[in-house]
Amino acid sequence: MVDGTLRNRGGSSIEPGIVEEFAAGLAGQVIQPFDTGYEAARRIWNAAIDRHPGLIVRCLGAADVIHAVKFARANDLLVSVRGGGHNVAGRALCDDGMVIDLSAMRGVFVDSKTRTVQVQGGATLGDLDRETHLHGLAVPTGVVSKTGVAGLTLGGGVGWLVRKYGLSCDNVIAFEVVTAAGDRLTASAEENPDLFWGLRGGGGNFGVVTSFRFQAHPVSMVLGGPLVHPRERAGEVLRYYRDFMTTAPEELTAYTALVTGPDGLPATVMFACWCGDPAEGERVLAPLRAFGPPLLDAIQPLPFPAMQQLLIPGFPDGSFNFWKASFVPALTDDVIDLVVERANRMQSPLSAVVIEFYGGAPGRVGPTASAFAQRHAEYNIGIIAQWTDPSGGAPHIAWARAMYDALESYSSGHHLLNFQSEAGNEVVKASFGDNYARLTEVKRKYDPQNFFSLNQNIPAAAA
Ligand SMILES: Cc1cc2nc3c(=O)[nH]c(=O)nc-3n(C[C@H](O)[C@H](O)[C@H](O)COP(=O)(O)OP(=O)(O)OC[C@H]3O[C@@H](n4cnc5c(N)ncnc54)[C@H](O)[C@@H]3O)c2cc1C
């Protein structure tokens with residue numbers, strides 16, 4: 001029975017006195033099922049996730065994380081790690097075990113001379129953008145500023161700067177990590193390079209990252225926003241988008257989405273973000289803006305943090321979510337026809353299908369240079385089922401699964417693991433490609449007993 005009682009992995013409950021002793025050694029806070037605040041603390045962005053941890057440990061620094069890891073090991077607790085709480089599969093939470101919650105560790109410290117940024121493990125993209133923007137800088141992350149830096153970066157990280165400056169994980173210079181043994185390590189090209197390799201795309205398998213050091217780039221104002229077309233023209237829009245992006249400069253990242261507009265009508269939206277010279281951006285974007293013409297052209301100069309907030313209304317807190325995604329190497333006419341036909345069957349005005357082109361900087365990093373292997377799978381098709389009725393998930397989940405299955409014959413066989421509500425071992429293995437065997441070796445070295453198990457899990461190689 002799941003009732004939030006703190007139990008070890010064998011099912012025996014932990015004595016309250018032991019928890020009290022642990023709490024006394026913590027700078028942060030413990031939150032238990034009987035505490036005010038427990039209900040809020042066990043909620044994450046995806047309302048479809050309803051887990052009851054036995055103990056939420058809200059850490060204030062690396063020392064608290066070490067204390068929590070040692071306590072969990074000593075008492076054989078199931079552990080999950082919470083960064084920004086946006087993993088759609090709900091991996092931030094567990095039932096009956098311990099949540100190592102970094103949501104109070106959101107510090108961001110910019111060194112403008114070296115254009116580097118130290119970011120704590122519970123920061124959101126918005127926390128990061130707010131501080132870097134003061135210096136005319138930005139770090140490549142994702143497109144919704146409420147998402148956590150940690151989970152996003154550890155799984156790769158794609159966003160509005162991806163074509164010019166690469167994946168989030170490609171921009172990490174160093175990680176500060178607490179391992180399963182409770183040791184604090186630095187992982188960089190010089191120190192523990194095997195761990196550094198694994199953390200750049202290998203997810204939360206190897207430890208708790210208490211802080212990241214990123215390379216930032218000179219991005220302050222961008223030219224960005226949506227171009228809205230009617231849904232009936234989705235096939236034409238997608239073909240135009242595909243052909244346009246083939247020769248578009250890397251300063252431009254653009255996605256296309258099949259959504260329902262605020263007026264309740266199905267629409268096709270191209271979202272563009274140009275991060276280079278503004279006059280050049282106006283010139284490059286002119287044909288994209290003229291095509292159709294669109295029903296609405298809201299592309300305009302924007303501070304980068306504002307660009308990062310544009311999509312927030314599309315992902316309201318408290319909505320119920322189930323996501324799938326597939327990489328396709330080519331956006332052929334057949335794929336486009338399938339995408340449009342399946343998108344037209346979506347069951348909720350909050351649902352969406354997103355087509356994202358990543359060609360550019362990610363492909364200049366070798367597929368084995370870091371754990372993130374999918375360097376040449378250029379289109380990601382995200383299937384986002386989102387609804388508001390707590391008991392009404394079945395048709396939305398069925399729609400997403402059916403579309404994913406229909407796309408499989410066009411897929412490269414790789415999947416963006418951070419976009420998956422469900423991903424079996426075979427999907428995880430295939431998505432890491434040739435890097436999988438090496439990842440199992442890194443797992444054996446840093447977490448041989450799979451202490452960090454609630455993630456895109458990689459087994460330790462046999463001794
Ligand atoms: C609305 C929305 C928009 C998104 N947009 C994008 C996007 O544009 N680009 C993109 O690449 N992805 C995007 N994603 C996917 C996102 O990258 C993943 O959901 C990611 O897991 C979120 O990270 P988090 O820290 O918020 O998650 P959490 O749920 O807090 O954590 C997820 C998992 O990450 C690991 N983890 C978290 N923090 C740490 C830590 N400090 N140390 C070690 N492990 C940790 C753990 O395994 C944990 O279970 C989006 C997701 C949502 C919900």
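Here the structure is a predicted model, which is why all the values come from computation and not from measurement. Numbering of ligands and ligand atoms starts at 1, following listing order.
- Looking at Gln374 and Ser412, their side chains never bring a donor and an acceptor atom within 3.5 Å of each other.
- Each of the following atoms of ligand 1 lies closer than 4.0 Å to a heavy atom of Trp45: 53 (C).
- In the vicinity of Arg82, heavy-atom distances shorter than 4.0 Å reach the ligand 1 atoms 30 (O).
- Comparing heavy-atom distances from atom 47 (O) of ligand 1 across Asp317, Asn455, Val209, Ile312 singles out Asn455 as nearest.
- Remark: minimum distance from atom 37 (C) of ligand 1 to any protein heavy atom is reached at Gly83 N, 3.7 Å.
- Using the six-membered ring where Trp is involved, His86 and Trp45 have ring planes that are parallel, under 30° apart on the 30 and 60° scheme.
- Checked against Thr210 for a side chain to side chain contact (heavy atoms under 4.5 Å, CB included), the options Gln120, Met105, Arg184 give a single hit: Met105.
- Nearest residue to atom 39 (C) of ligand 1 from Gly121, Gly314, Ala150 is Ala150 (criterion: closest heavy atom).
- The shortest heavy-atom contact between Ala27 and Asp64 is N-OD1, 2.9 Å.
- Nearest to atom 48 (C) of ligand 1 among the protein's heavy atoms is Val81 O, 3.2 Å.
- Cation-pi geometry between Arg200 and Phe196 is met: the NZ or CZ atom falls under 6.0 Å from the ring centre, inside 45° of the normal.
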Could you please spell out the steps behind the side-chain hydrogen bond (donor to acceptor under 3.5 Å, both in side chains) verdict for Thr124 and Asp127?
-> CA-CA 5 Å; Thr124 64; Asp127 298 329; 3.1 Å; yes

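- Where the criterion is an N or O separation shorter than 3.5 Å, residue side chain and backbone included, Gly159 fails it with respect to ligand 1.
- Contacts between Val144 and ligand 1, counted as non-hydrogen atom pairs separated by less than 4.0 Å, involve the side chain only.
- Taking only nitrogen or oxygen atoms, main chain and side chain alike, Val143 reaches within less than 3.5 Å of ligand 1.
- Taking a cut-off of under 4.0 Å to the non-hydrogen atoms of Phe315, the atoms of ligand 1 that pass are 1 (C).
- Glu250 has no carboxylate O lying under 4.0 Å from a charged side-chain N of Lys164, or vice versa, which leaves the two without a salt bridge.
- Per-residue contacts place Gly148 under 4.0 angstrom from the following atoms of ligand 1 (heavy atoms of the residue considered): 23 (O), 24 (P), 25 (O), 26 (O).
- The closest approach between a heavy atom of Gly203 and any atom of ligand 1 is not below 4.0 Å.
- The two residues Trp399 and Arg342 come nearest to each other via the heavy atoms NE1-O, 2.9 Å.
- In terms of N/O distances under 3.5 Å, ligand 1 is not approached by Thr147.
- Of all protein heavy atoms, the one closest to atom 25 (O) of ligand 1 is Gly84 N, 2.9 Å.
- Looking at heavy atoms from C-beta onward, Ile458 lies out of side-chain contact with Phe452 at the 4.5 angstrom threshold.
- Note: an N/O pair closer than 3.5 Å links Val158 and ligand 1 by distance alone.
- The backbone N or O of Leu93 lies less than 3.5 Å from no partner atom in the side chain of Arg82, so there is not a single donor-acceptor pair.
- Between Leu454, Val162, Asn418, Ile44, it is Asn418 that holds the heavy atom closest to atom 17 (O) of ligand 1.
- Heavy-atom proximity to atom 10 (C) of ligand 1, evaluated over Asn205, Val208, Leu152, is greatest for Leu152.
- Remark: side-chain polar atoms of Thr179 are not paired, donor with acceptor, to backbone N or O of Tyr446 under 3.5 angstrom.
- Among Thr210, Leu125, Asn87, Asn380, the residue whose heavy atom lies nearest to atom 21 (O) of ligand 1 is Asn87.
- The closest donor-acceptor contact from the side chain of Asn46 to the backbone of Phe320 lies at 3.5 Å or more, if one exists at all.
- Of all the heavy atoms of Trp323, the ones lying under 4.0 Å from any atom of ligand 1 belong exclusively to the side chain.
- Taking every non-hydrogen atom of Leu102 and a distance limit under 4.0 Å, the qualifying atoms of ligand 1 come out as 41 (N).
- Note on ligand 1: Gly122 sits outside its first shell, no heavy atom being nearer than 4.0 Å.
- Side-chain contact between Lys324 and Met403: absent, with no pair of heavy atoms (C-beta onward) separated by less than 4.5 Å.
- Checking only distances, Gly142 never comes within under 3.5 Å of ligand 1, N or O to N or O.
- Backbone and side-chain nitrogen or oxygen atoms of Arg91 are examined, and one is located within less than 3.5 angstrom of a nitrogen or oxygen of ligand 1.
- Which of Ser211, Gly85, Ser453 comes nearest to atom 28 (P) of ligand 1 through a heavy atom is settled by distance: it is Gly85.
- For Arg375, the salt bridge (Lys or Arg N to Asp or Glu O under 4.0 Å) criterion is met by Asp170, not counting sequence neighbours.
- Put simply, the side chain of Asn171 gets close to the backbone of Leu167: a donor and an acceptor are under 3.5 Å apart.
- Using 4.0 Å as the threshold, Phe452 has no heavy atom nearer than that to any atom of ligand 1.
- Backbone and side-chain nitrogen or oxygen atoms of Val149 are examined, and none is located within less than 3.5 angstrom of a nitrogen or oxygen of ligand 1.
- Taking each of Pro316, Ser145, Gly207, Gly382 in turn, the one with a heavy atom nearest to atom 43 (C) of ligand 1 proves to be Gly207.
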Show which side-chain atoms of residues 376-384 pair as donor or acceptor with protein atoms under 3.5 Å away, not counting sequence neighbours.
| unit_1 | atom_1 | unit_2 | atom_2 | d |
| --- | --- | --- | --- | --- |
| Asn380 | ND2 | Glu356 | OE1 | 3.4 |
| Asn380 | ND2 | Tyr358 | OH | 3.3 |

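- Of the candidates Cys59, Gly151, Ala92, Gly151 brings a heavy atom nearest to atom 23 (O) of ligand 1.
- By the 3.5 Å distance cut-off applied to N or O atoms, Phe419 is not counted among the residues near ligand 1.
- In terms of protein heavy atoms, atom 19 (O) of ligand 1 is closest to His86 O, 3.1 Å.
- Protein heavy atom closest to atom 44 (N) of ligand 1, with residue, atom name and distance, is Leu154 CD1, 3.3 Å.
- When the options Val219, Leu310, Val222, Leu252 are evaluated for a side chain to side chain contact (heavy atoms under 4.5 Å, CB included) with Cys273, the one that passes is Val222.
- The closest approach between Gly157 and ligand 1 falls below 4.0 Å for a heavy atom of the residue.
- Residues Leu6 and Gly97 share a closest heavy-atom pair of CD1-O, 3.7 Å.
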